[in-house]
> 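What follows is a structure written as structure tokens; I'll ask about it next.
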Amino acid sequence: QVQLAESGGGLVQAGGSLRLSCSASGPTFSNSAMGWFRQAPGKEREFGATISASGAITIYADSVKGRFTISRDNAKNTVYLQMSSLKPEDTAVYYCAAARQRGATPRESMYDYWGQGTQVTVSS
């Protein structure tokens, strides 16, 4: 069983930055790809970014490419999402998730474990 806990959300002005963290419990973190997804009010949850188990491979949604950076520290069982140049449309609840495979994947169905989410609000 893997438990995930996100932190770092909050209110920020457009153009600002935030760094989200996701701490994982359990022995399989270093063998799992990790992902960040988000869900805006009234919308379905969508993929944001993913990183392979080793950290060598990352994939981003077009909507965040060039602005967000995903990284991980396997020694600390933590995955990060550095968000810059934030826009009001980035407002959402952000979830981290652990995949059942080592390879980075944007497919939500490949993720078995999910955190509770952290709210990010970007004001214009």
Side-chain angles (χ1 to χ4, degrees):
Q1 188 77 5
V2 176
Q3 292 186 324
L4 304 173
E6 303 95 337
S7 62
L11 174 64
V12 63
Q13 289 188 332
S17 299
L18 278 176
R19 188 176 82 155
L20 305 183
S21 299
C22 174
S23 296
S25 64
T28 62
F29 177 82
S30 60
N31 290 321
S32 298
M34 298 295 294
W36 285 98
F37 294 77
R38 66 185 185 182
Q39 186 168 22
K43 295 187 177 180
E44 292 188 353
R45 188 161 58 191
E46 65 177 10
F47 165 72
T50 178
I51 187 166
S52 62
S54 68
I57 305 297
T58 58
I59 304 171
Y60 296 93
D62 287 343
S63 58
V64 307
K65 196 174 297 182
R67 300 186 299 121
F68 291 10
T69 302
I70 188 171
S71 62
R72 65 190 296 161
D73 185 338
N74 286 346
K76 295 183 178 179
N77 277 17
T78 303
V79 62
Y80 305 97
L81 186 68
Q82 178 67 48
M83 306 185 294
S84 302
S85 301
L86 283 161
K87 306 174 182 179
E89 51 264 44
D90 294 318
T91 295
V93 177
Y94 283 70
Y95 299 91
C96 72
R100 67 178 77 114
Q101 61 180 47
R102 293 182 58 85
T105 175
R107 293 174 57 191
E108 189 170 329
S109 62
M110 298 304 294
Y111 291 83
D112 289 334
Y113 301 102
W114 294 81
Q116 294 297 309
T118 186
Q119 177 70 46
V120 172
T121 303
V122 185
S123 63
S124 57

> Please check this pair: side chain of T78 against backbone of D73, looking for a donor-acceptor N/O pair closer than 3.5 Å.
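Judged by distance alone, no pair lies under 3.5 Å.
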> Can you give me the closest heavy-atom contact between I59 and A104, atom names plus distance?
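Where I59 meets A104 most closely, the heavy atoms are CD1-O, 3.8 Å.
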> Tell me whether the count of non-hydrogen atoms from other residues, nucleotides or ligands lying under 6.0 Å of CZ in R102 goes above 12.
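Enclosed.
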> With sequence neighbours left out, what residues match R67 under salt bridge (Lys or Arg N to Asp or Glu O under 4.0 Å)?
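Counting only residues at least two positions away or on another chain, R67 forms a salt bridge (Lys or Arg N to Asp or Glu O under 4.0 Å) with D90.
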> Would you give the length of the straight line joining atom CD of E6 to atom SG of C22, rounded to the nearest 0.5 angstrom?
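Here the rounded value is 5.0 Å.
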> Could you measure the distance from the SG atom of C96 to the CD atom of Q116? Nearest 0.5 Å is fine.
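It comes to 10.0 Å.
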> Cluster partners of Y94, using ILVMFWY side-chain heavy atoms under 4.5 angstrom, listed by chain and number?
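Traced through the cluster, Y94 reaches V2, L4, V12, L18, L20, F29, M34, W36, I51, Y60, V64, F68, I70, V79, L81, M83, L86, Y113, V120, V122.
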> Listed by chain and number, what are the ring-ring contact (aromatic ring centres under 6.0 Å, His included) partners of Y111, not counting sequence neighbours?
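Scan of Y111 (ring-ring contact (aromatic ring centres under 6.0 Å, His included), adjacent residues dropped) gives F37.
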> List in chain and number order the residues that pass side chain to side chain donor-acceptor pair (under 3.5 Å) with R19, two or more places apart in sequence or in another chain; answer none if no residue qualifies.
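Per chain and number, R19 pairs via side chain to side chain donor-acceptor pair (under 3.5 Å) with no residue.
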> If I take atom CD from residue Q3 and atom CG from residue N77, how far apart are they, to the nearest 0.5 angstrom?
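That separation rounds to 12.5 Å.
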> Closer than 3.5 angstrom, by distance alone: can the side chain of R45 be matched with the main-chain N or O of V93 as a donor-acceptor pair?
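Side chain of R45 to backbone of V93: no pair is present.
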> Sequence neighbours excluded, which residues qualify as side chain to side chain donor-acceptor pair (under 3.5 Å) partners of Q119?
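In terms of side chain to side chain donor-acceptor pair (under 3.5 Å), with neighbours along the sequence ignored, Q119 is linked to T121.
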> State the OH-OG1 distance between Y80 and T69, to the nearest 0.5 angstrom.
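If I round to the nearest 0.5 Å, the distance is 14.0 Å.
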> Look up atom OG in S124 and atom NZ in K87, then write down how far apart they are to the nearest 0.5 Å.
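S124 atom OG to K87 atom NZ measures 14.0 Å (nearest 0.5 Å).
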> Can you establish whether the number of heavy atoms outside Q39 located under 6.0 Å from its atom CD is more than 12?
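More than 12 within 6.0 Å, yes.
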> Does atom CG of L11 have more than 12 heavy-atom neighbours from other groups under 6.0 Å away?
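Atom CG in L11 is packed in, count exceeds 12.
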> Taking only residues two or more places apart in sequence or in another chain, which ones pass salt bridge (Lys or Arg N to Asp or Glu O under 4.0 Å) with E89?
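If we apply the salt bridge (Lys or Arg N to Asp or Glu O under 4.0 Å) test to E89, skipping adjacent residues, there are no hits.
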> Could you tell me whether a side-chain N or O of E46 sits under 3.5 Å from a main-chain N or O of R38, the two making a donor and an acceptor?
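Judged by distance alone, no pair lies under 3.5 Å.
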> Can you confirm whether E108 sits close enough to Y95 that some side-chain heavy atom of one is under 4.5 Å from a side-chain heavy atom of the other?
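SC-SC contact between E108 and Y95 ruled out.
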